[in-house]
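Whatever order the structure lists ligands and atoms in, that order sets their numbers, starting from 1. Atom set for the values below is all heavy atoms of this structure, side chains included, hydrogens, waters and symmetry mates excluded. This structure is a prediction, so every number in the text was calculated from the model and none was measured.
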Amino acid sequence: MADLATTYLGLPLRNPLVIAASSVTARIENLELCDRFGAGAVVLRSLFEEQILADRSQLEEVLDTASGSHAEAQDYFPPVSHADATDYLRRIEESKKAVSIPIIASLNAVNNGSWTRYARQMVEAGADAIELNVYSVATDLNVSSQQIEEQLLELVEGVLSVASVPVSVKLSPYYTSLVNVVGQLDQRKVGGVVLFNRFLQPDIDPQSETLTNAMPLSSPNELRLPLRYVALLAGRVKCDLAISTGVHRGEDMVRAILAGATVTQIAASVIKNGIHHIATMLRDLEAWMDERGHHSVDDLRGRLSQQAVNDPFAFERAQYVNLLLSGGALSGPLNARVN
Ligand SMILES: Cc1cc2nc3c(=O)[nH]c(=O)nc-3n(C[C@H](O)[C@H](O)[C@H](O)COP(=O)(O)O)c2cc1C
């Protein structure tokens, strides 16, 4: 039987299937099911500082109103759920008690000081690792990409200086040179990078002439983008490479691992199919490996990375004309296979 065990962020995992930060990982009952159906690890839904700040201003408003009419106003507990990070930190503690698989906390902060403050608190609460969810939409015409990247590196250095557990960084694909950004993070000794986060994209409804915010779940086609970048990076950086976006089936895990992914993270497929789908994906991965005589995921990893294939330019082609000139059919196999 194929050996699925691996190591991610220095943590021993029974397999490379990690449940991504999402609504699935926001509830303890779900974490227990993830554990029961075989997940290797879970990433808790992010602590969003923006939400804490919004709740705090709601809290102040309530306290102001209350102090005008009651002497005991300071004891008044308003109906808000996240007045600070306490709920989140408690959830880390409860999760650690509820399941035996590693718990990765996820943080999306706004202010520089708070990235480090919350990271420290997450470690104290028992998180096995911290994933930094660093994305925000760049909207300032006067802030350059270089400034944005410097800010990213500064906040990562800050967190690394206080966190006594491994730290990974979940990136968006929207960098001019993503491989350079990952290289810079790697030099600073992050434990891993997660490629990629997937964001809410506002839409416009022509019927009602209004903005809409529906978030369609990913499809397996979207795996190609992280697949390419993991294949480009595998073997060139020391940090772990996690693929998030578009991993829906056991065969998608096969693709990711062949490209060089240390682990795959899944959200949409679990939301769509239910938490028991974890077991199906693992069974399919194992069956594929057994059928082909591959003994361990660690041996399989990166066999079709850019460094490993005999057509290294396959991952660099961007225009259709190159594909046509190389003699490849639009949907045919490229000249590379696992030996
Ligand atoms: C309902 C929902 C909630 C999510 N919440 C978070 C979150 O709190 N933090 C985060 O970093 N990513 C969050 N994500 C993004 C997922 O972790 C993941 O990166 C993305 O969905 C792509 O993976 P998928 O194709 O397996 O869905 C969320 C996704 C969904 C669908």
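- Near Arg45, meaning under 4.0 Å from any of its heavy atoms, are these atoms of ligand 1: 8 (O).
- Inspection of the His248 and Ser218 side chains reveals an N or O donor paired with an N or O acceptor under 3.5 Å.
- Distance from atom 7 (C) of ligand 1 to its nearest protein heavy atom, with residue and atom name: Ser46 OG, 3.4 Å.
- Ranking the protein heavy atoms by distance from atom 20 (C) of ligand 1 puts Arg198 CB, 3.9 Å first.
- Atoms of ligand 1 lying under 4.0 Å from any heavy atom of Phe196, numbered from 1 in the order shown and given with element: 19 (O).
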Listing, residues 168-178 side-chain donor-acceptor contacts under 3.5 Å, not counting sequence neighbours, or none:
unit_1 : atom_1 : unit_2 : atom_2 : d
Ser172 : OG     : Tyr174 : N      : 3.1
Ser177 : OG     : Asn180 : N      : 3.3

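- For Ser269, no nitrogen or oxygen atom sits less than 3.5 Å from a nitrogen or oxygen atom of ligand 1, counting backbone and side chain alike.
- Side-chain contact between Ile28 and Arg91 is present, with heavy atoms from C-beta onward closer than 4.5 Å.
- The main-chain N or O of Ile243 is never found under 3.5 Å from a side-chain atom of Thr264 such that the two would form a donor-acceptor pair.
- Heavy-atom proximity to atom 25 (O) of ligand 1, evaluated over Ser23, Ser218, Ser219, is greatest for Ser218.
- Ligand 1 places these atoms under 4.0 Å from at least one heavy atom of Ile271: 31 (C).
- Side-chain contact between Leu31 and Leu44: present, with at least one pair of heavy atoms (C-beta onward) separated by less than 4.5 Å.
- Within a 6.0 Å sphere centred on CZ of Arg188, other residues, nucleotides and ligands contribute more than 12 heavy atoms.
- At a 3.5 angstrom cut-off on N or O pairs, Ala268 counts as close to ligand 1.
- Considering backbone and side-chain atoms together, Leu217 places no N or O closer than 3.5 Å to any N or O of ligand 1.
- With Pro226, Ala21, Ala20, Ser172 as candidates, the residue nearest to atom 29 (C) of ligand 1 on a non-hydrogen basis is Ala21.
- Contacts of Asn133 with ligand 1, taken as heavy-atom pairs under 4.0 Å, involve the side chain alone.
- Looking at ligand 1, you'll find an N or O of Lys170 within less than 3.5 Å of one of its N or O atoms.
- The shortest N or O to N or O distance between Phe48 and ligand 1 is not below 3.5 Å.
- For the 3.5 Å distance criterion, the side chains of Asn133 and Ser46 qualify, holding a donor opposite an acceptor.
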> Checking salt bridge (charged side-chain N to carboxylate O under 4.0 Å, His left out) for the pair Glu251/Arg255: CA distance, chi angles, key distance, verdict?
Replying inline: CA-CA 6 Å; Glu251 68 173 78; Arg255 289 187 170 90; 3.2 Å; yes

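- Evaluation of the side chain to side chain contact (heavy atoms under 4.5 Å, CB included) rule for Thr7 yields no partner, not counting sequence neighbours.
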> Hey, mind stepping through Gln146 and Glu150 against side chain to side chain donor-acceptor pair (under 3.5 Å) and telling me if it holds?
Replying inline: CA-CA 6 Å; Gln146 194 181 347; Glu150 281 165 4; 3.3 Å; yes

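- Among Ala26, Ala242, Ala267, Ser244, the residue whose heavy atom sits closest to atom 19 (O) of ligand 1 is Ser244.
- Here the side chain of Asp240 pairs a donor or acceptor atom with the backbone of Leu9 at under 3.5 angstrom.
- The shortest N/O to N/O separation between His248 and ligand 1 does not fall below 3.5 Å.
- No more than 12 heavy atoms of other residues, nucleotides or ligands lie within 6.0 Å of NZ in Lys238, so this atom counts as exposed by the packing criterion.
- Nearest protein neighbour of atom 4 (C) of ligand 1, counting heavy atoms only, is Ser22 CA, 3.5 Å.
- Heavy atoms of other residues, nucleotides or ligands lying less than 6.0 angstrom from CZ of Phe199 number more than 12.
- Of all the atoms in ligand 1, the ones that sit under 4.0 Å from a non-hydrogen atom of Asn197 are 11 (O), 12 (N), 15 (C), 19 (O).
- Atoms of ligand 1 lying under 4.0 Å from at least one heavy atom of Gly246, given by number and element, are 25 (O).
- The shortest contact between atom 22 (C) of ligand 1 and any protein heavy atom is with Thr245 OG1, 3.4 Å.
- Close contacts of ligand 1 with Ile266, meaning ligand atoms under 4.0 Å from a residue heavy atom, involve 26 (O).
- Between Glu131 and ligand 1, no pair of N/O atoms sits closer than 3.5 Å.
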